Novice: 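Can you read through this structure? Questions will come right after.
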Protein chains: 2
Amino acid sequence: MQLDEMILVSVDDHIVEPPTVFENHVPKKWADRAPRMLFDPKTRLQTWSWEGGASATPFICAVVTLPNDEWGYDPSTIAEMRPGCWDVDQRVRDMDANGVLASMCFPSFAGMAGTFFADCDDKELAYVSLQAYNDWHIDEWAGSHPGRFIPLPLSAVWDPQLAAKEVRRVARKGATAITFSEAPESFGFPSIHSGEWDVFFEACCDEDMTVAIHIASSKGMSPADSDMPMEVASTLPCWNALPCAANLLWSKSLVKYPNLRIALSEGGTSWIPGFLDRMERQFHVQKWVGSDLGGLTPTEMFQRHFLACFICDPSGLLLRDRIGLDNIAYEVDYPHSDCTFPKSPEELWEHIELAQCSDSEINKITYENAMRWLRFDPFTHTPREQATVGALRARAADVDLRTTSKAEYRKAYESNYGAIG
Amino acid sequence: MQLDEMILVSVDDHIVEPPTVFENHVPKKWADRAPRMLFDPKTRLQTWSWEGGASATPFICAVVTLPNDEWGYDPSTIAEMRPGCWDVDQRVRDMDANGVLASMCFPSFAGMAGTFFADCDDKELAYVSLQAYNDWHIDEWAGSHPGRFIPLPLSAVWDPQLAAKEVRRVARKGATAITFSEAPESFGFPSIHSGEWDVFFEACCDEDMTVAIHIASSKGMSPADSDMPMEVASTLPCWNALPCAANLLWSKSLVKYPNLRIALSEGGTSWIPGFLDRMERQFHVQKWVGSDLGGLTPTEMFQRHFLACFICDPSGLLLRDRIGLDNIAYEVDYPHSDCTFPKSPEELWEHIELAQCSDSEINKITYENAMRWLRFDPFTHTPREQATVGALRARAADVDLRTTSKAEYRKAYESNYGAIG
């Protein structure tokens with residue numbers, strides 16, 4: 001296989017939500033109280049605001065094709081970023097240019113576990129708005145380009161019963177995955193071990209839906225010196241999937257729900273071989289604890305339940321057989337700073353070559369595992385021969401991939417849509 | 001090379017301190033106020049107590065040759081454990097029986113970073129007692145069997161200036177390593193990034209001493225659900241060395257002190273390849289951060305400063321070339337539950353065979369790296385041909401290695417020393 005022949009399904013990208021999210025999906029009664037995108041011309045800040053609080057997207061989350069010296073933690077406006085961040089038609093063009101057939105998109109302002117909604121005191125308004133968000137995501141974002149997106153609605157993470165209800169609702173709309181928090185207790189919601197989430201897990205099993213848990217979907221999970229530099233702060237959350245997986249593995253819920261599928265989104269893979277070594281050793285040496293995984297070993301349990309998702313993880317690829325060849329999926333992370341758009345295939349290919357993956361292994365990792373774990377078939381819409389990196393890029397030859405400044409993007413935005421705000 | 005030909009220097013074991021620690025090393029003026037081992041015949045608890053608080057050693061820290069169903073978190077008494085836990089002559093016999101030439105021993109009641117002493121309000125008493133502990137450790141424990149122990153005094157972790165002073169004092173007594181905390185800020189002491197520890201690091205460089213940072217030498221570093229089961233609680237701290245290394249790597253102190261050596265004791269190795277992948281990628285992709293490691297890459301910096309120490313880590317051994325062949329050392333962890341005494345060489349050998357290590361790699365990992373990083377030469381006392389697993393075990397053929405119950409140990413203790421207390 002050559003680079004151009006790969007088929008890439010990315011199980012983790014991000015939407016910077018456009019201003020229209022709540023336009024068509026909030027019942028009239030609630031329309032005035034739904035979150036709205038506000039622009040303050042004085043501070044030049046763009047925030048999603050409502051009675052539940054406010055949320056902004058920092059530039060570091062939308063850096064594709066921006067010059068490196070314009071990256072930073074300042075809040076961004078949608079006018080000053082690559083339009084593919086928020087415009088689904090442009091996104092699909094960027095996916096073509098990056099050779100990506102399909103994408104599962106996590107939120108931005110809503111938080112990786114949708115806790116923006118949880119912060120609203122009026123829980124009825126919270127749920128109405130969450131449903132509107134999910135309807136917009138499924139119908140307008142993912143629905144606009146069939147076969148190009150795996151819809152990813154958000155959980156009602158503040159309430160297990162409601163979370164289960166929403167699972168059943170979005171399943172009827174065709175969703176096959178839903179977000180969750182890596183540590184719900186960190187937000188003051190019931191813990192993984194409380195058993196209270198079983199109603200949610202059960203709904204996911206009933207509806208054959210995958211739980212997608214993105215790193216940094218918790219509060220204060222990574223250890224932190226109060227004065228740690230950026231290099232530390234931006235690295236430690238990359239290992240949040242480890243404690244999350246440990247908690248879930250030993251939670252009893254996985255014994256109870258043998259069909260539950262969990263994607264450890266942006267969780268990386270390189271920590272998993274050592275994690276499984278440790279779990280196996282502990283399981284066998286510490287018999288006095290009386291651990292019970294329903295007759296399975298920790299590795300069997302991990303492989304039955306978890307999809308390990310990576311952007312760039314050469315050491316994980318080297319030890320792929322110790323993780324599970326059926327348990328690894330690729331991510332692009334567009335438009336975050338960890339994404340190497342528009343050269344994602346080249347970076348992946350370099351590591352595939354380093355690890356000497358076979359064609360069959362490449363296919364599992366780049367799309368087959370994603371299709372199976374997320375019940376997604378892009379080929380009903382795109383024939384295989386048109387789905388490869390080479391074929392997608394060929395039809396996107398006119399996409400402008402040059403480095404472009406915030407000012408240039410703003411100018412183009414204003415000429416298309418008028419002034420921000 | 002065969003299993004019996006290995007030479008094992010273990011860079012992480014533990015002393016369960018005997019009652020005599022403070023007998024010979026506390027100035028008369030302070031003698032009444034030094035910590036003492038107390039036994040409460042009602043609760044059958046044995047604790048180290050003083051005006052600074054009390055500390056007990058749970059059985060899980062002293063399980064060697066106990067039947068597995070007697071392991072647990074109950075406080076132990078020294079009468080109910082294998083005598084090698086606390087009696088240095090018996091320890092050396094156990095090292096022989098396990099094929100271990102030399103050992104660096106961390107504390108038990110004093111805490112992995114010596115914070116037992118820090119908890120005392122009277123800081124003069126604290127420092128007097130810490131010095132007594134260190135003198136006992138160097139003179140009586142390590143000094144009793146030259147060539148068999150790498151002395152490991154404790155830092156005055158509550159005060160950078162005093163910590164530096166103690167470095168210089170124990171260096172004069174021949175110490176080549178000293179403990180430190182993986183996250184001093186977690187105890188309310190200055191953070192790694194504060195710069196306040198530079199005086200301590202500088203003393204370590206001046207005296208050519210290695211800083212040994214054991215996992216779990218912090219407070220609340222591992223993320224924890226409040227109701228997490230034992231399997232999670234006993235696993236997560238195994239990755240504490242990762243944030244510790246990240247903080248140190250980006251602390252500026254390593255640029256300032258290019259000769260500083262840091263052992264990540266019980267830190268494991270399997271996370272390091274992925275950690276370095278991430279650090280390298282971030283360093284190159286996130287140029288806007290302006291990271292400066294004094295001209296080195298993160299991997300070069302890691303390899304210049306860190307010794308990665310493992311008990312059992314097959315996945316780390318498989319990727320040893322991505323960690324650094326000169327940066328890995330072996331640990332036994334006697335008498336903790338993670339130790340496989342008396343079959344430690346067998347477990348290690350299994351993983352050496354799995355990873356197909358060359359003889360030269362085996363020697364680096366089992367003793368050469370330890371000798372260089374810790375400035376320790378056991379061969380001035382034990383000729384090489386008497387230092388191997390096979391030679392040491394041959395002279396310990398009479399050591400009783402049978403599984404023995406607490407009751408049996410207590411009976412033997414009482415017949416040797418009289419009733420506990």
Side-chain angles (χ1 to χ4, degrees), chain A residues 68-72 183 185-186 191-194 218 220-232 234-236 238-240 242-243 246-247 249-251 268-271 273-279 281-283 285-289 291 312-316 318-319 322 337-338 340, chain B residues 68-72 183 185-186 191-194 218 220-232 234-236 238-240 242-243 246-247 249-251 268-271 273-279 281-283 285-289 291 312-316 318-319 322 337-338 340:
Chain A
N68 200 282
D69 60 8
E70 290 192 345
W71 298 17
E185 194 192 31
S186 71
S191 83
I192 292 287
H193 302 287
S194 66
S218 61
M221 188 182 225
S222 306
D225 274 20
S226 60
D227 51 0
M228 67 183 174
M230 177 86 70
E231 291 91 342
V232 181
S234 63
T235 277
L236 296 187
C238 296
W239 284 272
N240 280 11
L242 194 159
N247 275 310
L249 192 74
W250 298 107
S251 67
T269 55
S270 61
W271 56 272
F275 174 79
L276 294 178
D277 291 344
R278 170 75 193 172
M279 291 290 169
R281 188 171 192 262
Q282 180 166 297
F283 192 63
V285 173
Q286 309 269 357
K287 294 274 185 220
W288 68 281
V289 175
S291 302
C312 169
D313 222 345
S315 298
L318 282 163
L319 294 187
R322 293 176 80 81
S337 63
D338 269 329
T340 47
Chain B
N68 199 283
D69 60 9
E70 289 194 346
W71 298 17
E185 194 192 32
S186 71
S191 83
I192 293 288
H193 302 288
S194 65
S218 62
M221 188 181 224
S222 306
D225 273 22
S226 60
D227 51 359
M228 66 186 176
M230 179 86 71
E231 292 91 341
V232 180
S234 63
T235 277
L236 297 187
C238 295
W239 283 272
N240 281 10
L242 193 160
N247 275 310
L249 192 75
W250 299 107
S251 68
T269 54
S270 61
W271 55 273
F275 175 78
L276 295 178
D277 291 343
R278 169 76 193 172
M279 290 290 168
R281 188 171 193 262
Q282 179 167 297
F283 192 63
V285 173
Q286 309 268 357
K287 294 277 185 216
W288 67 281
V289 175
S291 302
C312 168
D313 222 344
S315 298
L318 283 164
L319 294 189
R322 293 176 80 82
S337 63
D338 268 328
T340 47

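This is a predicted model, so every value here is computed, not measured.
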Novice: Regarding A:Ser234 and B:Gln286, do their side chains bring together a donor and an acceptor under 3.5 Å, going by distance alone?
Specialist: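 Side chains of A:Ser234 and B:Gln286: no pair found under 3.5 Å.
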Novice: Less than 4.0 Å between a side-chain N and a carboxylate O, is that true for B:Asp313 and A:Arg278?
Specialist: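 Answer for the salt bridge query: no.
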Novice: Mind checking the OG-CG spacing from A:Ser270 to B:Leu319? Nearest 0.5 Å is all I need.
Specialist: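 Going from the OG atom of A:Ser270 to the CG atom of B:Leu319 covers 9.5 Å.
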Novice: Is it the backbone or the side chain of A:Ser226 that comes under 4.5 Å from a heavy atom of chain B, or both, or neither?
Specialist: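 Contact with chain B is through both the backbone and side chain of A:Ser226.
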Novice: Against chain A, label B:Asp227 side chain, backbone, both or neither, depending on which of its atoms sit under 4.5 Å from a heavy atom there.
Specialist: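 Answer is both: backbone and side chain atoms of B:Asp227 are under 4.5 Å from chain A.
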Novice: If we define contacts as heavy-atom pairs under 4.5 Å, which of A:Met228, A:Arg281, A:Glu70 has the most with chain B?
Specialist: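 Top count of heavy-atom pairs under 4.5 Å with chain B: A:Arg281.
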Novice: Under a 4.5 Å cutoff for heavy-atom pairs, which residue among B:Ser315, B:Gly274, B:Ser337 has the most contacts with chain A?
Specialist: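 Maximum pair count with chain A is reached by B:Ser315.
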Novice: What residue in B:Leu242, B:Ile192, B:Leu318 has the most heavy-atom pairs under 4.5 Å with chain A?
Specialist: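 Among the listed options, the one with the most contacts to chain A is B:Leu242.
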Novice: Which region of A:Asp277, side chain (C-beta onward) or backbone (N, CA, C, O), has a non-hydrogen atom less than 4.5 Å from a non-hydrogen atom of chain B, or is it both or neither?
Specialist: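 The answer is the side chain of A:Asp277.
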Novice: Counting heavy-atom pairs closer than 4.5 Å to chain A, which one of B:Met230, B:Lys287, B:Arg322 comes out on top?
Specialist: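 Result: the option with the highest number of such pairs is B:Arg322.
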Novice: Which answer fits A:Phe275, side chain, backbone, both or neither, if we ask what part of it has an atom under 4.5 Å from a heavy atom of chain B?
Specialist: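 For A:Phe275, heavy atoms of backbone and side chain both lie under 4.5 Å from chain B.
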Novice: With a 4.5 angstrom heavy-atom cut-off, is it the side chain or the backbone of B:Asp338 that approaches chain A, or both, or neither?
Specialist: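 For B:Asp338, backbone and side chain are both near chain A.
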Novice: Check each atom of B:Glu231 against the heavy atoms of chain A and say whether the ones under 4.5 Å are side chain, backbone, both or neither.
Specialist: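 B:Glu231 touches chain A through backbone and side-chain heavy atoms alike.
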Novice: For the residue pair A:Val232 and B:Leu249, establish whether any side-chain heavy-atom pair is separated by less than 4.5 Å.
Specialist: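 With C-beta onward as the side chain, the pair stays apart.
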Novice: Considering all heavy atoms of both residues, which atom of B:Trp288 and which atom of A:Asp69 are nearest to each other, and what is their separation?
Specialist: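 What the structure gives for the nearest pair is CB-CA, 4.5 Å.
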